[in-house]
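This is the structure I have questions about; it appears just below.
All values derive from a computational prediction rather than experimental measurement. In what follows, every chain begins at residue 1, and chains take the letters A, B, ... in the order their sequences are listed.
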2 protein chains.
Amino acid sequence: MHAFDRSVRPLRQRPSFVLSQLGFHSDRTFDELLVPVGVTRRQFGMLRVLADADGRTQQELSSVLRVHRNVMVGLVDELETAGLVERRRNPADRRAHAVHLTDRGRALLPMGEAALDACDDRLLGALSAADRETLCGLLARVADEAHLLPSVHPGYEHAGDELAAEDAGGGGQLPR
Amino acid sequence: MHAFDRSVRPLRQRPSFVLSQLGFHSDRTFDELLVPVGVTRRQFGMLRVLADADGRTQQELSSVLRVHRNVMVGLVDELETAGLVERRRNPADRRAHAVHLTDRGRALLPMGEAALDACDDRLLGALSAADRETLCGLLARVADEAHLLPSVHPGYEHAGDELAAEDAGGGGQLPR
DNA sequence: TATTGTTATACTCTATAACTATA
DNA sequence: TATAGTTATAGAGTATAACAATA
């Protein structure tokens, strides 16, 4: 175990540090790739959830994305202003707003996925297909072990208040 | 290439996303482990640089850590208040402040390194030594390819102004 | 005139609480 | 009384510019 001797190891050999660097770099890269799409990372994450769960209330969306309901208000505001979602009244409970994707919002989804593809390619472009798959597998194992929800970004997560622990499976959110 | 088919791949299979998740998680974990040490991540990064470069001016430290000199003022203030560094006047150039580690500051370094060890262990605890080394190698390659400086965290980096591009090698900074 | 360090201002994000309208 | 959504306020963090002392 000579490569892992303790104490003064340079930071490039510290997985914690490199993960932190790469996480930040990944965010920045994806931000950049998302500019031509016209939404932010956070907004895209929200649209991605709605793709699988159209018509949920803001409260339910808060729960899935693990953000505070106060923040959800602003997020829906932004997307509604951009014409990507719309709020509809629920006749059964007129307090609740059902959030629906518009056609424009739905049309935007594949563009965002393409940006994600491009982001993965840009980050892992130097790796062979085999190395890439090895890396993905190891990252997924580490994320599992850390109990990170498969599609919720911890950067948006909100500790306090009312958040029903639940995982949306394939749908998800983007990040920070 | 069946595991990598495009379009609706869940986020857990998106390396960009998982890297972002894990980067955030790593930050949070290290923050936690650093609490008993009594410094923030950023402060520890600074102390780590000083370990290799005691007595540099604030301007030089700004350059190494790639933060703005205005921010460096506050960082040195914090550390000086905590008694971990001290500013000394340079007789040759009385504008410049040489920043020196105090004994207390130096004594704190191994505690921070131990926290880093613990952070790595907590994050990668589930992996075998071999898998761990494989992951570290792949992460380092990706970081190299992204032109991330081996010991500078991009979250602190400052775009504008005067920053002499330089790498401190073993010394470094922590982050965000 | 340029440079080192400092301070002040503004802007973004987020956290908390308080408010309204329904139930 | 509790809940869905909204609004307002305060606090961190950061970016920009302007400033005093020295070169």
For dG5(D), take OP1 and OP2 only and decide whether either is under 4.0 Å from a side-chain N or O of Q59(A).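 Answer is yes, contact under 4.0 Å.
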If you measure from the Lys or Arg side-chain nitrogens to the Asp or Glu carboxylate oxygens, is any gap between E113(A) and R48(A) under 4.0 Å?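 A salt bridge links E113(A) with R48(A).
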Rounded to whole angstroms, how far apart are CD on Q58(A) and P on dT3(D)?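 Interatomic distance, CD of Q58(A) to P of dT3(D): 17 Å.
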Rounded to 10°, the helix from dT1(C)-dA23(D) to dA23(C)-dT1(D) deviates from straight, judged by its five-pair end axes, by 30°
Side-chain cluster (under 4.5 Å, hydrophobic types only) that V73(A) belongs to, other residues: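 Listed partners: none, V73(A) stands alone.
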Side-chain contact, heavy-atom cut-off 4.5 Å: P154(B) with Q21(A)?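 Side chain of P154(B) against side chain of Q21(A), heavy atoms only: contact under 4.5 Å found.
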Measure from CZ on R41(B) to P on dG13(D) and round the result to the nearest Å.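 The answer, rounded to whole Å, is 11 Å.
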Would you kindly give the CG-to-C1' distance between L75(B) and dT7(C), to the nearest whole Å? 17 Å
Modelled atom types, side-chain donor and acceptor of H153(A) and S20(B), under 3.5 Å: yes
Nucleotide nearest R42(A) when distance is taken to its side chain, options dT14(C), dT7(D), dG5(C):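 For the R42(A) side chain, the nearest candidate turns out to be dT14(C).
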Please collect all salt bridge (Lys or Arg N to Asp or Glu O under 4.0 Å) contacts where either partner lies in residues 81-92 of chain A, sequence neighbours excluded, each pair once.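 Passing the test, one end in residues 81-92 of chain A: D77(A)-R87(A), E80(A)-R87(A), E86(A)-R88(A).
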What I'd like to find out is whether the side chain of R106(A) reaches to under 4.5 Å of the side chain of D54(A), using heavy atoms alone. yes
Protein-nucleotide distance (M72(B), atom CE; dT7(C), atom C1'), rounded to Å: 17 Å
Round to the nearest Å and state the distance from Q43(A) atom CD to dC13(C) atom P. 11 Å
Partners of E32(B) by salt bridge (charged side-chain N to carboxylate O under 4.0 Å, His left out), sequence neighbours excluded? R122(B)
Calculate the interatomic distance between R56(A) atom CZ and dA4(D) atom P; express it in whole Å.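 After rounding, the gap between these two atoms is 15 Å.
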Tell me whether Q43(A) contacts the main-chain N or O of T40(A) through its side chain, where contact means a donor paired with an acceptor under 3.5 Å. yes
For atom CG of D77(A) and atom P of dC13(C), their distance in whole Å: 15 Å
Starting from P on dT14(D), measure out to NE2 on H153(B) and report it in whole angstrom.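 Interatomic distance, NE2 of H153(B) to P of dT14(D): 12 Å.
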For a quick check, with a 4.0 angstrom heavy-atom cut-off, what is the B/S/- contact string for nucleotides 17-23 of chain D, read 5' to 3'? B---BBS
In the hydrophobic clustering (ILVMFWY, side-chain contacts below 4.5 Å, transitive), which residues join V18(A), or is it alone?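 Members alongside V18(A): L19(A), L22(A), L123(A), L124(A), L127(A), L135(A), L138(A), L139(A), V142(A), L148(A), V18(B), L19(B), L22(B), L123(B), L124(B), L127(B), L135(B), L138(B), L139(B), V142(B), L148(B).
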